[in-house]
Amino acid sequence: MKELAKTYNPKEIEQSIYDNWLKQKYFHASCDESKKPFTIVMPPPNITGQLHMGHALNNTLQDIVIRQKRMQGYDALWQPGCDHASIATEVKIIEALKKEGIDKRDLGREKFLERAWQWKEEYGGRIVNQLKKLGSSADWDRERFTMDEGLSDAVLQVFVKMYEKGLIYKGTKIINWCPKCLTTVSDAEVEHKDTPGHFWHINYPIKGEDRCIEIATTRPETMLGDTAVVVHPDDERYQDLIGKTAILPIVNRELPIIADTYIDLEVGTGAMKVTPAHDPNDFELGKRYQLEEICVFTDDGHINENGGKYEGMTTLECREAIVKELEEMGLLVKVKAYEHSVGHHDRCGCIIEPMIKQQWFVKMDELIKPAIKAVDEGEIRLIPARMNKLYHNWTDNIRDWCISRQLWWGHRIPAYYCDSCGHMTVARECPDVCPECGGTSFQQDEDCLDTWFSSALWPFSTLGWPEQTPELKHFYPTNLLITGYDIIFFWVIRMIFSGYEHMGEKPFDAVLFTGLVRDELGRKMSKSLGNGIDPLEVIDKYGADALRFTLVTGNSPGNDMRFSWDRVEANRNFANKIWNASRFILMNLPEEGVKTPKEESLHDADKWILSRANKLTRVVTENMDKYEIGMAADRLYEFIWDELCDWYIEMVKPRLYGEDEESKHAALYTLRTVLMTSLKLLHPYMPFVTEAIYGSLQPLAADLYPEESIMISAWPVYDETMDYEEAERRTQMIMEAVRGIRNVRSGMNVPLSRKSKVYVVSESEEIREIFEHGHVFFATLGKASEVMIQKNTEGIAKDALSVQLAGATIYIPLEDLVDIDKEIERLEKEKIRLEGELKRVDGMLSNERFLSKAPESKIREEQEKKEKYAGMMAQVESQLASLRRS
RNA sequence: GGGCACUUGGCUCAGCUGGGAGAGCACUUCCUUGACGUGGAAGGGGUCAGGGGUUCGAGUCCCUUAGUGCCCACCA
């Protein structure tokens with residue numbers, strides 16, 4: 001037998017265990033048609049990424065589910081891979097180039113992409129290695145990358161197909177422009193923040209009249225592109241101005257004054273300038289009234305040639321200059337502080353500029369329908385259910401998805417423009433001949449696709465689509481997705497409609513949402529705050545098992561959680577507890593193992609713990625099946641620590657050291673069996689420590705547990721013939737007696753070394769028999785020098801202390817180790833407690849409405865309690881009386 | 001402007017479809033018993049945010065008030 005160290009040291013074992021799992025190919029899903037599949041696709045981390053707590057939580061949950069399913073005999077596939085993270089990666093590479101003094105554009109597309117691939121080779125594996133440290137049992141042999149040949153092919157296929165169906169189109173619309181990243185971004189990537197700003201009230205003179213119309217704006221610089229002024233048709237203030245013309249100050253452009261109900265009478269002056277090129281609302285208005293769209297900004301946030309003398313200024317400089325000029329002209333009426341919502345780029349944080357540009361879009365209205373239906377009708381279950389509302393939040397207001405990005409790192413749009421006639425051909429490959437003019441040279445569209453365009457295909461592209469692979473057939477649709485609720489819009493929704501559109505089927509049955517992992521103060525972990533806790537540091541200090549257990553307990557799905565070092569330590573201690581309990585069992589188990597004993601030789605206590613373990617199996621399995629991961633973990637913790645370690649192991653010691661071989665054998669068998677069940681149930685949560693122990697235990701039990709690794713061993717199954725209700729009841733009675741004795745002794749500060757006689761008095765033959773049977777451990781746990789079990793109080797000193805149980809009384813002779821006042825105090829407390837209980841029960845039982853409406857079983861239950869409490873109360877009272885007499 | 005969540009012992013949080021308030025950490029007292037002091041035994045501590053309602057019975061369902069956090073929204 002391998003000797004286990006006195007304390008569990010995760011660092012010593014984790015790496016070699018993991019390496020062995022890899023070597024044995026245990027993570028590999030065989031794609032075996034005869035087995036039922038269970039599939040999880042891993043949300044692909046960015047290749048630029050470093051493991052953070054969010055990943056750790058996410059992947060721990062996925063690993064727990066997939067390990068359990070694997071043990072249950074499923075063909076369990078956890079499909080891993082990485083995302084090329086178009087913009088995130090490109091930004092990093094640009095930064096790296098900048099340090100070398102190189103500009104992206106000088107380098108050119110081809111050389112830039114070379115650098116990007118180099119970067120991918122260098123850093124792409126980093127996060128995967130970090131996931132491995134966590135114990136992740138993903139099928140690494142099947143690792144995919146969104147820019148793999150196969151996945152790129154999927155992207156091309158989808159793009160062309162959708163274009164041909166009219167679901168993808170090229171259009172000129174107002175889009176979100178990031179002046180720093182120099183690319184469009186989708187609506188989902190714009191973060192609206194309430195930002196303090198100003199309302200500038202400006203007078204626009206009316207043409208040919210000696211008066212003005214006062215408009216209010218938060219962005220004076222955009223006035224350079226104004227092409228109208230709009231008021232509400234019912235606004236009495238401006239009735240006579242509708243249809244007239246205003247003169248745009250500085251620029252002297254003539255602006256029609258139009259009326260539209262879009263205007264809110266309450267806001268500002270009720271008159272608004274219209275800048276169709278730089279505001280989404282104005283854009284709509286512009287379309288409605290055929291207004292001119294005058295773009296006045298350059299892509300990098302400066303004023304362009306349409307800005308006249310302001311050309312070349314930044315937008316902010318221009319704002320100041322214009323305000324100053326208006327003031328000098330006497331047209332600035334007033335400036336008010338005003339808080340308004342400003343869109344920021346979620347990645348770089350700078351202000352998004354609405355611009356009109358020609359871009360590629362995915363038409364959403366039809367595409368989204370099956371995705372809405374699937375969630376509404378429960379074909380795809382979101383956990384927790386309240387996420388349905390969040391989901392709807394987005395699906396109900398969906399607009400066409402802008403998918404083109406002015407970036408190089410990503411899937412290049414497969415549109416080709418004929419050099420001679422400009423005709424556009426969308427095809428998987430560059431055409432040989434222009435169908436329009438017969439030209440033979442083409443330019444490919446410069447833009448790339450939004451990163452999420454390829455991740456939307458992830459559940460089937462990773463399985464080989466568009467090839468009809470066996471994997472695709474076997475593993476799709478997948479069963480579960482586990483991800484953060486923050487990417488519902490980016491990813492979850494898009495996978496759902498993509499699944500229906502391209503596969504004709506949902507991508508997964510259920511989505512389990514995780515919350516955010518916050519720091520100990522409840523703050524979001526972020527780079528800028530520097531409060532992030534590195535999961536690898538936690539693993540290094542306390543082990544992966546402790547981290548995993550911490551992340552999945554004390555938290556329910558979709559709720560944020562706080563990280564706490566205290567909890568990690570507590571869970572490390574739990575790992576150590578199992579380690580030591582196992583060490584104890586291994587020390588006692590004979591080399592040749594233990595045969596299954598006859599049922600008669602099992603002690604009540606053995607049956608009790610076997611029965612408890614059996615019920616644990618049921619409750620853990622049920623909870624895991626419901627994805628109540630944390631609940632199952634709590635139960636395991638309680639069972640292993642309280643019932644197995646604190647009770648059963650202590651109960652069993654006298655038998656292990658005693659002479660009765662049959663009893664000893666039964667105890668050892670029970671210990672071995674229950675430990676094995678516990679380890680297996682715990683394995684998905686704490687894979688390393690359970691595997692380490694299993695490695696020592698399994699050789700002693702190879703007949704029943706042939707698998708050389710716990711990872712591939714069979715998941716325990718609840719067996720109703722193993723429910724020993726009677727033995728549970730009997731054992732629990734003795735446990736209650738032991739607690740009572742400990743309570744009395746502790747209440748009087750009796751040192752453990754001081755043993756005393758213990759009398760068990762009961763008129764019930766059956767109860768006396770229970771104590772006779774449990775005598776072996778009752779004596780040790782109750783610190784008894786001698787245990788007397790009798791029918792009456794004969795021979796017991798009058799002043800003996802007593803503990804009342806339901807059908808028996810325990811007496812401990814007072815002798816000289818006792819403080820009478822303390823005992824009276826204790827009994828008084830007990831009396832008060834019983835009085836309370838009796839009052840409650842009486843209240844219920846005397847309530848006619850309760851008697852008439854509550855279920856029969858509940859009423860009977862309460863009646864039984866009443867009898868029990870009444871008996872105990874009588875005992876306490878007589879005990880008190882006799883103590884007071886002495 | 002909509003919507004969602006949270007408010008339970010000193011701290012961090014569990015508590016599923018309503019039926020005697022729980023855990024971890026912290027705290028008090030005791031214990032070097034032959035698995036573990038990363039341990040064991042016993043214990044203190046909560047009007048489950050406030051108010052109202054439904055019910056025989058509410059931390060759990062409904063309404064409402066307050067505080068906190070988050071999401072969505074094209075009010076210039």
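Each chain gets a letter, A, B and so on, in the order the sequences are listed, and its residues count up from 1.
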task: Check whether any side-chain nitrogen or oxygen of A/Trp641 sits under 4.0 Å from OP1 or OP2 of B/rG24, and answer yes or no.
output: no

task: For A/His392, answer base if it contacts any base atom (sugar-phosphate contacts may also be present), sugar-phosphate if it contacts only those atoms, and nothing otherwise; contact means non-hydrogen atoms under 4.0 Å.
output: nothing

- request: Report yes if a side-chain nitrogen or oxygen of A/Asn743 is closer than 4.0 Å to either non-bridging phosphate oxygen (OP1 or OP2) of B/rG43; otherwise report no.
  value: yes

Distance, C1' atom - from B/rG22 to B/rG45, rounded to whole angstrom: 14 Å

- prompt: Does atom CZ of A/Arg739 have more than 12 heavy-atom neighbours, drawn from other residues, nucleotides or ligands, at distances under 6.0 Å?
  reply: yes

query: Does A/Ser556 make a side-chain N or O approach to OP1 or OP2 of B/rA14 shorter than 4.0 Å?
result: yes

message: Counting the atoms with a prime plus P, OP1 and OP2 as sugar-phosphate, which does A/Glu861 contact under 4.0 Å by heavy atoms, base, sugar-phosphate, or nothing?
response: nothing

message: I'd like to know if A/Lys615 pairs up with A/Glu643 as an ion pair, taking the criterion as any Lys NZ or Arg NE/NH1/NH2 lying under 4.0 Å from an Asp or Glu carboxylate oxygen.
response: no

Please write out each protein N/O paired with an N/O of nucleotides 1-11 of chain B under 3.5 Å, distance rounded to 0.1 Å.
from	atom 1	to	atom 2	distance (Å)
B/rC4	OP1	A/Lys389	NZ	2.9

query: Can you find a side chain N or O atom of A/Lys577 that sits less than 4.0 Å from OP1 or OP2 on B/rG40?
result: yes

message: Once you apply a heavy-atom cut-off of 4.0 Å, does A/Tyr657 come out as touching a base, just sugar-phosphate, or nothing?
response: base

task: Look at A/Tyr391 and B/rC71 and indicate whether a side-chain polar atom (N or O) is within less than 4.0 Å of OP1 or OP2.
output: no

- request: Could you say whether A/Ala216 or A/Tyr637 is positioned toward the 5' end of RNA chain B, judged by the nucleotide with the nearest heavy atom to each?
  value: A/Tyr637

message: So that I can tick it off, tell me whether A/Lys865 and A/Glu861 are bridged by a salt bridge, with the cut-off set at under 4.0 angstrom between side-chain N and carboxylate O.
response: yes

- request: Classify the angle between the aromatic ring planes of A/Phe489 and A/Trp394 as parallel (below 30°), tilted (30 to 60°) or perpendicular (above 60°).
  value: parallel

Partners meeting side-chain contact (heavy atoms from CB on, under 4.5 Å) with A/Val744 (sequence neighbours left out): A/Met748, A/Leu801, A/Val803, A/Ile812, A/Glu823, A/Arg826

task: For nucleotides B/rA21 and B/rG46, find the distance between their C1' atoms and express it as a whole number of Å.
output: 8 Å

- prompt: A/Asp646 near the nucleic acid: base, sugar-phosphate alone, or nothing, with a heavy-atom cut-off under 4.0 Å?
  reply: sugar-phosphate

- request: Can you spot which of A/Asn588, A/Ile649, A/Ile585 makes a side-chain contact (heavy atoms from CB on, under 4.5 Å) with A/Leu656?
  value: A/Asn588

